[in-house]
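The structure appears below as structure tokens.
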Amino acid sequence: MDPFGNAKAFAELWAAGSKAAWSAADAAAKGSAAAMAASFGAGQAEPAQGAEIAAGIAELTAAGQAATQLWQAAVALAQSLPQRQGKGGEAERAVSALFARMTDPRAWFDVTADMDQVLTWMTEGPQLSDLWGTERQYARLARAWLAVRQRGLEHSTVVLGAWQDAARAFMQKLAAVDKPIPQDATLRLWIETANEVLVEMQRSERFLEAQARLIGASTELRLAQQELAEDLGARFGLPTRRELDDVHRTVTELRRELRAMRRAQRDSPREASAPRALPAPETAPPQGARPARATSRRARS
Amino acid sequence: MATPSPTAGLGAMATFGTKLATGARLLGKLRDEQVRIAATEKDLVWQEDKVTLHRFRPLAEQRIRTPVLICYGLIGRWTMADLQPDRSLVQNLLKLGVDLYVVDWGDPSRADRWLKLDDYIDGYLHDAVEQVARAAGTAQVNLLGICEGGVFTTCFASLHPGLVRTMTLTITPIDFHADTVESRAGHGFINIWTRSLAPEDIDRLIDANGCLPGTFMGAVFNQMTPMRTLTKYNLDLLDVVDDEQKLLNFLRMEKWIADRPDHPGEAAKQWLKHLYQENRLIRNELEIAGRRVDLGNVTMPVLNVYAKDDHIIPPATSRAIGPKLGTADYSELALPGGHVGVFVGGRSQALFAPGVAQFLAARD
């Protein structure tokens, strides 16, 4: 196995990928700009004719195809890498397998891949009492932040796909009109078309799942932040959110009891002097919270 | 199409420029205090914690003896029922001789994280109803519930039917899974969206924030009309920017939209899980204050007002209550417009309050 050959192959992969990515992005941008310019006449009084709009649709499609070709080229190139390595013993085969995994383009889009494995081990591995508590919190926070970035990217991808569908639908509608239409009518057509496509996208499983995952990820990040902030604040004697929630819970339950007592007095004034049984206070802790401390309140008999 | 003449083009540019200049001048001279909503005069009659009860000052001789209590929900505020003098259910009812009250839930904070629907329905609302009856010198009260507030009044009417003379529901969801009945594009998104969340996701969301943040729900609402949201501050505002009255109407609506209180945490869990996800109300499985809410216990006359084009509360989700009630005196009033449009739109002003007043007068 020639280590220099592998490095060279890896460098070629990145160079080819980078060049192809920029070419595809450039083609997509030029295609979209040309299509829009053709549709709106680039400052001319009259919008483009049907043939020019059809050409714009074709350019936009070509830009999408360029991105697809990029992906296919990257996968093919990554698959060809192992063929450049010589056949060796067990150690060499293990390194080859690792190298193939490292150069798998699918890993490029999974920003949490190896990092996530490390963080998972740190946050979910066996805990040793007082060791590495703060480190675990920081690791959990980092993992949560990465998850939000990833879920945000996934969510944006779904929405971006819908925008592209809307643009295609809009240009198809324009192409179907055999006479030029005023610009304000064109704008209304775009608003109407885009709204139809976006509303339909919102009801899709893909969008709802992506948004639910994004909401979940941002919630976990917030909780990780709070946990770390509470731990640090507690070291300096600052009241924590958890303590305040406990206080508010106690106050709410007391108010509930007071309202019940007042109502009991109003409903039965002649029995007001006799003690009445009050509803038992709710003591079930919220999900994920530490168990509430025992209080000195007791239900009156 | 003929090539536009340079003169016409210059004329269009001049018109547009004048519009912008006028709009800039108007926006420059207007102050926030000039953009007033809920300006109809009222007096505080009772307060408990953050909850207030106000009585509106009459605008006409009282014709309906039993007072009416407006009960809004915890998402947004009742003030859209009194947006401006010519778009006000409140003023229209007052002019028809209704003795009108409104309960306001205040601005819940994280300190209210543990309040449940039980506290609002069987606690605050119960106390407010008794205060209204005491102030008006009546044994019963007419309830007028709006959206989530309509769910509150429905539960209350089931638990305490003896205190309720009549109940008017407006844009109120009862069957939270009936959004699929009509399947109109863009309608019932909240129902679908909530069902896409796992119950534990809702619990974590509420636990992390201590509430259901008003800004969060505002973003969900904005999603329902994506292009309208994107074009509101350019195209829609541009349409009205040079007309002071229209601009003020626009700004009043903005003021109401911006007022999005946080929804107390435990109450939000019940709202999203027990109602939107599990649909307990229509199945008579919802429990409030340890008692089951049975729609069959709603035995007083009910008027159900709904918006024909309501994309937030599809009509089928509201009209589902009819067959479940314990009263034969059930009627409906279908109004043109959307969820908020029935309150603030021009088309419904001549129909809404008169329809409600007529219903109340015939049963007073």
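Residue numbers begin at 1 in each chain, while the letters A, B, ... track the order of the sequences. Just so you know, these numbers use all the heavy atoms, side chains as well, and skip hydrogens, waters and symmetry mates.
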Using atom types as modelled and distance alone, determine if a side-chain donor or acceptor of B/D201 lies under 3.5 Å from a backbone N or O of A/G216.
no
What part of [X] is in contact with chain B, defined as an atom under 4.5 angstrom from a non-hydrogen atom: side chain, backbone, both or neither?
{"X": "A/R213", "answer": "neither"}
{"X": "A/Q226", "answer": "side chain"}
{"X": "A/Q211", "answer": "side chain"}
{"X": "A/L244", "answer": "neither"}

Run B/W193 and A/R203 through side-chain contact (heavy atoms from CB on, under 4.5 Å) and show every step you take.
CA-CA 8 Å; B/W193 179 84; A/R203 302 176 88 87; over 6 Å; no
Just so I understand: if I count every heavy-atom pair under 4.5 Å between each of [options] and chain A, which residue has the most?
{"options": "B/P226, B/S196, B/G186", "result": "B/P226"}
{"options": "B/T231, B/L197, B/N209", "result": "B/N209"}
{"options": "B/D119, B/D112, B/I192", "result": "B/D119"}
{"options": "B/M224, B/Q223, B/R228", "result": "B/Q223"}

Listing request: all ring-ring contact (aromatic ring centres under 6.0 Å, His included) pairs with a residue in residues 211-234 of chain A, at least two apart in sequence or in separate chains.
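Every candidate ring-ring contact (aromatic ring centres under 6.0 Å, His included) pair involving residues 211-234 of chain A fails, so no pair, neighbours aside, qualifies.
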Answer yes or no: is there an ion pair linking [X] with [Y], defined by an N-O contact shorter than 4.0 Å?
{"X": "A/R262", "Y": "B/D127", "value": "no"}
{"X": "A/D245", "Y": "B/R110", "value": "yes"}
{"X": "A/R263", "Y": "B/E130", "value": "yes"}
{"X": "B/D122", "Y": "A/R256", "value": "no"}

Considering only heavy atoms and a distance below 4.5 Å, find which of A/L223, A/L198, A/V199 pairs most often with chain B.
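Of the options given, most contacts go to A/L223.
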Take a 6.0 Å sphere around CD of A/E200 and say whether it holds more than 12 heavy atoms from other residues, nucleotides or ligands.
no
When rounded to the nearest 0.5 angstrom, what is the spacing between CZ in A/R249 and CD in B/E266?
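Reported to 0.5 Å precision, the distance equals 7.0 Å.
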Report the distance from atom OG1 of A/T250 to atom CH2 of B/W114, rounding to the nearest 0.5 Å.
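Reported to 0.5 Å precision, the distance equals 10.0 Å.
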Within residues 215-224 of chain A or reaching into it, pairs that qualify as salt bridge (Lys or Arg N to Asp or Glu O under 4.0 Å) - sequence neighbours excluded:
A/R140-A/E220, A/E220-B/R204
Quick one: what part of B/H187 sits under 4.5 Å from any heavy atom of chain A, side chain, backbone, both or neither?
backbone
Residue by residue, scan residues 271-279 of chain B and write down, ordered by number, those that have a heavy-atom distance under 4.5 Å to chain A; if none do, write 'none'.
none
side-chain contact (heavy atoms from CB on, under 4.5 Å) evaluation trace for B/L235 with A/I191
CA-CA 11 Å; B/L235 295 183; A/I191 291 172; 3.4 Å; yes
Looking only at heavy atoms, the pair that brings B/T225 and A/N195 closest together is C-OD1, 4.2 Å
Restricting to non-hydrogen atoms, name the atom on B/A208 and the atom on A/T219 that form the minimum distance, rounded to 0.1 Å.
CB-CG2, 3.8 Å
Could you pull out all residues at least two apart from A/W163 that satisfy ring-ring contact (aromatic ring centres under 6.0 Å, His included)?
A/W190
